[in-house]
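Each remark here refers to the structure printed beneath this line.
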2 protein chains.
Amino acid sequence: MAKGRAGDPDHGLELLWRGREREPRPGLSLGRIVRAAIELADAEGLPGLSMRKVADRLGFTTMSLYRHVPGRDQLVDLMVDDVMGEHPDDVPDAAGWRARLEGAARQAWRIRRRHPWLAEVRGTRHLPGPNGVAQYEYMLSTLTGTALTPSEVIAVVGLVGRFVDAEALHLLETQREERRSGVSEEEWWGSRDTLYDRLDRYPTITYLWTAGGWDAPEDSFEFGLRRLLDGVEVLIEQRDEKRDESLVCEECGRPLEPAASGRPRVYCSRACRQRAYRKRKPG
Amino acid sequence: MAKGRAGDPDHGLELLWRGREREPRPGLSLGRIVRAAIELADAEGLPGLSMRKVADRLGFTTMSLYRHVPGRDQLVDLMVDDVMGEHPDDVPDAAGWRARLEGAARQAWRIRRRHPWLAEVRGTRHLPGPNGVAQYEYMLSTLTGTALTPSEVIAVVGLVGRFVDAEALHLLETQREERRSGVSEEEWWGSRDTLYDRLDRYPTITYLWTAGGWDAPEDSFEFGLRRLLDGVEVLIEQRDEKRDESLVCEECGRPLEPAASGRPRVYCSRACRQRAYRKRKPG
DNA sequence: CCTTTGCTGTTTATGCCGTACACGTAGTAT
DNA sequence: ATACTACGTGTACGGCATAAACAGCAAAGG
């Protein structure tokens with residue numbers, strides 16, 4: 001079943017887009033392996049995910065997994081798409097690109113809170129499964145109604161996606177080191193006296209320190225998301241202006257005044273509109 | 001010399017902040033190890049960096065390194081700070097927070113282009129060395145002149161830093177997979193026909209595809225940096241307005257009109273100013 | 001019925017990795 | 001001369017992914 005060797009992307013795709021399987025049979029199966037692997041990664045993170053441990057958890061030998069999954073990388077691909085489908089309808093159907101994009105970002109963030117290892121998945125050639133594509137499709141769709149160009153829409157979605165990943169990764173690492181060492185981040189940094197002695201020479205750091213900048217830090221996801229959306233909004237407003245500027249009358253080609261109402265204008269005057277209508281229905 | 005065992009942060013700090021060493025002696029030394037490790041990581045990335053390979057490159061045995069470096073993690077810390085000091089004066093001394101912050105981000109980006117593995121360094125408890133602190137200090141200083149609160153200054157710098165890292169990581173992974181497989185990213189995705197067959201069902205993706213959105217993609221670093229800075233600018237403008245609003249006369253407490261010139265106002269009227277001056281020099 | 005075929009899981013082995021530990025050796029201070 | 005220290009080596013352990021050969025078993029074909 002996993003005979004396509006590890007290097008074959010098409011085989012990986014097949015596994016990702018396989019339909020629901022009839023699972024009542026005993027023994028190993030792709031679905032069971034993926035679910036065990038997700039549990040393991042939830043508990044120990046991606047570096048802690050090993051074929052041995054997955055197999056142990058299922059009560060089989062390591063190599064038995066390779067009968068079903070081409071290799072570790074493909075297993076991770078499968079885990080990703082599985083998890084992406086967990087809460088498909090948590091996204092509120094808000095109005096306006098900003099609310100919708102923000103909702104999608106929060107949805108991605110929520111999934112990453114539940115499965116922090118998602119942010120640790122590296123590599124740019126991960127084949128998307130049905131759930132991943134659905135999310136991507138949704139994020140893109142939040143922006144296609146705006147004046148952004150297609151490549152800008154794609155760039156914004158990529159930017160937001162990488163932002164969420166970066167924040168999730170940051171959070172994950174914090175929590176992991178806290179668990180591993182049993183010392184909270186604050187405590188650990190707090191006891192680095194030999195470091196602070198050296199930092200006295202730096203005026204800005206010293207100023208921000210005494211001003212309490214580190215005492216009540218911003219929530220970095222909330223803060224960053226807002227900045228990002230503000231930045232996108234600035235671009236969209238620019239494009240809106242440009243679009244109005246560049247609109248020309250469809251009949252005579254003269255530039256149009258920006259429309260006062262939301263309805264976009266097409267002709268510069270009643271005369272042009274009537275001329276156009278007359279052409280459309282000849283006779 | 002590296003007797004402090006691997007778990008001791010203070011010993012790591014000592015190594016990071018050690019001064020210039022008198023190096024003429026033959027044999028191993030911290031500096032030589034760090035430089036060899038950087039060369040190796042430049043060529044093969046962080047995952048390709050192993051103690052064995054570093055030792056081989058220097059013509060010593062693996063374990064000899066442990067006489068000078070507590071362990072692999074600390075070696076990476078040392079590499080990071082070494083590299084951060086490579087071009088300390090490439091940052092133009094521009095005016096205005098935006099140009100200065102942008103310059104710092106580009107400097108960080110330039111270093112990551114030269115040493116892509118920097119973006120692969122994970123973990124939140126990396127001790128900063130002198131060069132890392134200097135860069136952090138500079139980035140913070142670009143914003144302390146604005147109306148942002150201390151915690152906002154810190155949040156912005158963190159956001160920009162993580163953005164640069166995320167973009168660098170993305171680029172690195174693209175390039176690595178291209179080199180490893182000998183197939184360019186475009187080519188690889190181009191031959192995933194079995195994938196595109198499935199994507200036809202998704203209208204937004206299909207629309208953006210036919211509209212050529214993927215034909216000439218945005219430069220994701222340039223695009224993202226601009227959005228981010230725009231977003232920060234929006235916040236700073238908000239704070240500026242608030243600051244003007246919330247300013248009150250130091251003498252009578254009545255709200256002040258926003259200052260027309262750049263010079264901030266302190267008193268609401270000449271009468272108040274004179275009253276204040278009279279109090280200041282009694283008699 | 002028996003045999004063949006193919007699916008499933010196991011065993012064994014290879015080559016990486018970080019690093020603990022015990023050991024030698026050479027130079028220096030007493 | 002002796003003791004101590006810094007430096008480098010060799011061996012070994014436990015972990016990782018996975019290649020290759022092999023064993024059991026069930027369904028299919030004669």
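Protein chains get the first letters and strands the later ones, always in sequence-line order, with residue 1 at the start of each.
Each of A:G48 and A:M63 lies near DNA chain D, and the nucleotide nearest A:G48 is the one positioned closer to the 5' end.
Distance CG (A:L40) to C1' (D:dC16): 14 Å, rounded to an integer number of Å. Following rounding to the nearest Å, B:K53 (NZ) and C:dC17 (C1') show an atom-to-atom distance of 10 Å. Whole-Å rounding puts the A:Y66 OH to C:dT10 C1' distance at 14 Å. If you take CG of A:L46 and C1' of D:dC16, they are 15 Å apart, rounded to a whole angstrom. Atom CG of A:D56 is separated from atom P of D:dG15 by 11 Å (rounded to the nearest Å). Rounded to whole Å, atom P of D:dT18 lies 8 Å from atom CD of A:Q74. When rounded to the nearest whole Å, the span between CG of A:L65 and P of D:dT18 equals 11 Å. Note: CZ (B:R72) to P (D:dG15) measures 19 Å, nearest angstrom.
Within 4.0 Å (heavy atoms only), B:L75 reaches no atom of the nucleic acid at all. The residue B:L49 sits close only to the backbone: its heavy atoms come under 4.0 Å of sugar-phosphate atoms, none of a base.
Within the 4.0 Å cut-off from OP1 or OP2 of D:dC16, at least one side-chain nitrogen or oxygen of A:S50 is found. For D:dA6, neither phosphate oxygen OP1 nor OP2 lies less than 4.0 angstrom from any side-chain nitrogen or oxygen of B:R67. Within the structure, a side-chain polar atom (N or O) of B:H68 is placed less than 4.0 Å from OP1 or OP2 of D:dG8. OP1 and OP2 of D:dG8 both lie 4.0 Å or more from every side-chain N or O belonging to B:S64.
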**Item:** CA sep, side-chain torsions, deciding dist, call: B:I33, B:V69, side-chain contact (heavy atoms from CB on, under 4.5 Å)
**Value:** CA-CA 9 Å; B:I33 292 173; B:V69 182; 4.2 Å; yes
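When the options A:R176, A:R179, A:K53 are evaluated for a salt bridge (Lys or Arg N to Asp or Glu O under 4.0 Å) with A:E44, the one that passes is A:K53. Between A:R110 and the choices A:R106, A:R113, A:R114, A:R112, the side-chain contact (heavy atoms from CB on, under 4.5 Å) rule is met once, by A:R106.
The ring of B:Y136 has its center no closer than 6.0 angstrom to the ring center of A:Y202.
For the residue pair A:T174 / A:E185, no side-chain donor-acceptor distance below 3.5 Å is found, with atom types taken as modelled.
A donor and an acceptor atom sit less than 3.5 Å apart, one in the side chain of B:R52 and one in the base of C:dG18.
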